[in-house]
Amino acid sequence: MEECISVFDMLKIGVGPSSSHTLGPWRAAERFLEELRTENLIDTVNRVKVDLYGSLSLTGKGHATDLALMLGLSGQDPETIPVENIAGIIKSIEDKNEINLANEILIPFYFLQDIVFNKNFLPFHANGLTFTAHTTDDQEYSATYYSIGGGFVVKEERINAKKKIAIKCAFPFPIDKAEELLNYTVTENKKISEIVYENEKSMRSEEVIDHELMRIWHTMLECMYIGCHSEGILPGGLNVRRRAFDMHQNLIGLANYNTPETWLEEIRKTEVKFRQILQWVSCFALAVNEVNAALGRVVTAPTNGSAGVIPAVLMYYLVIENHEASEKEIKQFLMVAGEIGSIFKKGSTISAAMGGCQAEIGVSSSMAAAALCELMGGTPEQVLMAAEIAMEHHLGLTCDPVGGLVQIPCIERNTMGAIKAINAAELALSTDPKNAKVPLDKVIDTMWQTAKDMNNKYKETSEGGLAIAVNLADC
């Protein structure tokens, strides 16, 4: 039986640039610290070493994996750390050659020696990492984790499997496949978002669900706002210039606002011919992923590399399609998106290291298409069709980040995923589901087969595609 996956597992607040290469290792470091506490070892640790394997090693520098590990071992939390403090914490570790382990114990730490980049792959998953702690009484404690995409971290032995199954059984509507979800909507006469809400209520109160959904949205909105008002060159060495700032300035004109919320209202007043719509949607997506590339705070949706698609499409609905939309529609959108993402995770992968960019931009586009389709009045059949259409036209998309950075082609790909999501929703809305030829579950199966057949050099290793066609000298 598959694990229970909440909307809040699929949409997580964190720090860029990568969910599997930054957020995942960060969470793995936190879990390792928890294990040391459980084993009553943390007070005796005098050195920690981390070995990175496979894709984590090959593109770890560009994805700030080493920085994430240092922050995680320092006891910092990616959801709450003030992003302006990150540079100072890292500089202190590097300058002093010591780390405040778990924010409790000062130990020596030589980041160039104690974080080891191994190019070989571990058999269980492409993103493997092993922590080793040495203690004052010459003990050694090791643990290996796998960052499987979207910030999810597992151990091969799946020690929490029984717990996950127990949680799954608490869901009134357990879902592994899209067909099961559709059947529930028919038998219960509910929308997809309503089915999801019932499942969430088995884990949390309505007040907590509503509050957390809106916290996710406000983080997305703030991220778009920051991205649209930040200019300059992104870090990493590619000299990529932020584009959202200039695009936004041309679109917004002389509007007067001072908060993300008043900004949204001003956008509603702007001209919305087809070209402007394309530009606004692209601007929103660019803004998010430029913030992500600069180690800013984003919502993993379902990954950091694809974090711009869902907020861009939801913002499109709010500022273009429905000026009367409120919290109700925002929460509805996020719940549908989260559920579609969970079905992809269960049936295929949301890790580019396992499936290429189809697993990130493709899945996020499907999530956004489905959510938009429901808000636009689509039936559950049409909602699932929208998700299918979006993924069908991302199948085989490679992950080939230049320099191992989540910048080229990743930032632009979010704009394409968002536009495709809107188009997929419109196609589904104008189609009788009885005439559909390809069910969503078949596309998910096909995506997974495509992922397994894909050459490893196109799976977030920066060993093929644009990653070798374009080099740092070109930039």
Side-chain angles (χ1 to χ4, degrees), residues 2-39 48-57 59-60 63-81 102 115 118 121-133 141-165 167-168 298-307 341-342 344-346 348-355 359-360 363 459-460:
E2 287 286 354
E3 64 192 289
C4 157
I5 300 178
S6 164
V7 169
F8 303 109
D9 292 322
M10 299 306 303
L11 305 174
K12 297 189 283 287
I13 299 171
V15 172
S18 170
S19 51
S20 58
H21 287 59
T22 315
L23 182 59
W26 195 326
R27 291 300 188 195
E30 291 179 315
R31 284 184 55 177
F32 184 63
L33 294 178
E34 290 175 12
E35 286 193 34
L36 291 176
R37 289 192 185 94
T38 301
E39 298 293 329
V48 172
K49 176 187 174 187
V50 189
D51 283 279
L52 303 174
Y53 297 94
S55 180
L56 272 185
S57 174
T59 61
H63 287 151
T65 304
D66 49 351
L67 308 188
L69 289 169
M70 289 188 273
L71 292 165
L73 290 172
S74 299
Q76 304 295 326
D77 188 275
E79 190 168 334
T80 58
I81 183 176
I115 299 177
N118 303 281
F121 285 70
L122 298 182
F124 182 71
H125 191 280
N127 290 332
L129 66 165
T130 298
F131 294 84
T132 303
Y141 183 85
S142 294
T144 297
Y145 304 90
Y146 298 90
S147 180
I148 60 173
F152 288 88
V153 176
V154 300
K155 299 183 79 172
E156 186 172 359
E157 56 267 35
R158 296 182 180 273
I159 57 175
N160 293 321
K162 291 183 179 179
K163 180 180 177 182
K164 290 177 181 176
I165 290 173
I167 296 174
K168 173 67 177 288
V298 301
V299 176
T300 302
T303 68
N304 283 34
S306 61
S342 75
F344 271 98
K345 183 181 183 298
K346 294 167 186 172
S348 184
T349 180
I350 57 170
S351 167
M354 291 295 286
E360 298 203 19
V363 173
K459 295 181 181 180
E460 207 167 8

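Only heavy atoms go into these numbers, but all of them, side chains included; no hydrogens, no water, no symmetry mates.
No side-chain heavy atom of Arg27 sits less than 4.5 Å from a side-chain heavy atom of Lys12. No side-chain heavy atom of Val363 sits less than 4.5 Å from a side-chain heavy atom of Lys345. Proximity of Phe124 to Val154: side-chain heavy atoms (C-beta onward) are separated by under 4.5 Å at one or more points. Two residues are said to be in side-chain contact when any heavy atoms from C-beta on lie closer than 4.5 Å; Phe344 and Met10 fail this criterion. With contacts defined as side-chain heavy-atom distances shorter than 4.5 Å, the pair Leu52/Leu69 qualifies.
When all heavy atoms of Tyr146 and Gly128 are compared, the closest pair comes out as CD2-CA, 3.7 Å. Leu33 and Gly72 make their closest contact through CD1-O, 3.5 Å (heavy atoms, listed as atom of the first residue, atom of the second, distance). Closest heavy-atom contact between Leu11 and Ala301: CD2-CB, 3.6 Å. Nearest heavy-atom pair across Val15 and Trp26 is CB-CZ3, 4.1 Å. Of all the heavy atoms in Ala143 and Lys155, the pair that sits closest is CB-NZ, 3.9 Å. Closest of all the heavy-atom pairs between Ala359 and Ser351 is CB-O, 3.6 Å.
Rounding to the nearest 0.5 Å gives a distance of 10.0 Å between CG of Leu73 and CD of Glu30. Separation of atoms OG1 (Thr144) and NE2 (His125) is listed at 14.0 Å; rounding is to 0.5 Å. One finds the CD1 atom of Ile13 at 11.5 Å from the CG atom of Leu23 (value rounded to the nearest 0.5 Å). Glu360 contributes atom CD, which lies 5.5 Å from atom CD of Glu460 (distance to the nearest 0.5 angstrom). One distance of note links OG of Ser57 with CD1 of Ile115; it measures 11.5 Å at 0.5 Å rounding.
Under a 3.5 Å cut-off, the side chain of Ser74 and the backbone N or O of Gln76 do not form any donor-acceptor pair. With hydrogens and angles ignored, the 3.5 Å screen pairs no side-chain donor or acceptor of Ser147 with any backbone N or O of Asn127. Checked by atom type and distance alone, the side chain of Ser142 never pairs as donor or acceptor with a backbone atom of Thr132 at under 3.5 Å. Side-chain atoms of Arg31 come within 3.5 Å of backbone atoms of Val153 as a donor-acceptor pair (strictly under, hydrogens ignored). A donor-acceptor pair under 3.5 Å is formed between the side chain of Thr65 and the backbone N or O of His21. Between the Thr22 side chain and the Ser18 main chain, a donor and an acceptor come within less than 3.5 Å of each other.
Using bins of under 30°, 30° to 60° and over 60° for the plane-to-plane angle, the ring pair Phe32/Phe131 lands in the parallel bin.
A donor atom on one side chain and an acceptor atom on the other are not found under 3.5 Å apart for His63 and Ser20.
Between Arg37 and Glu34, none of the side-chain N atoms (NZ, or NE/NH1/NH2) sits under 4.0 Å from a carboxylate O, so this pair counts as no salt bridge.
Shown here are the side chain to side chain donor-acceptor pair (under 3.5 Å) partners of Ser306, two or more places apart in sequence or in another chain: Thr303. Residues meeting the side chain to side chain donor-acceptor pair (under 3.5 Å) test with Asp9, sequence neighbours left out: none.
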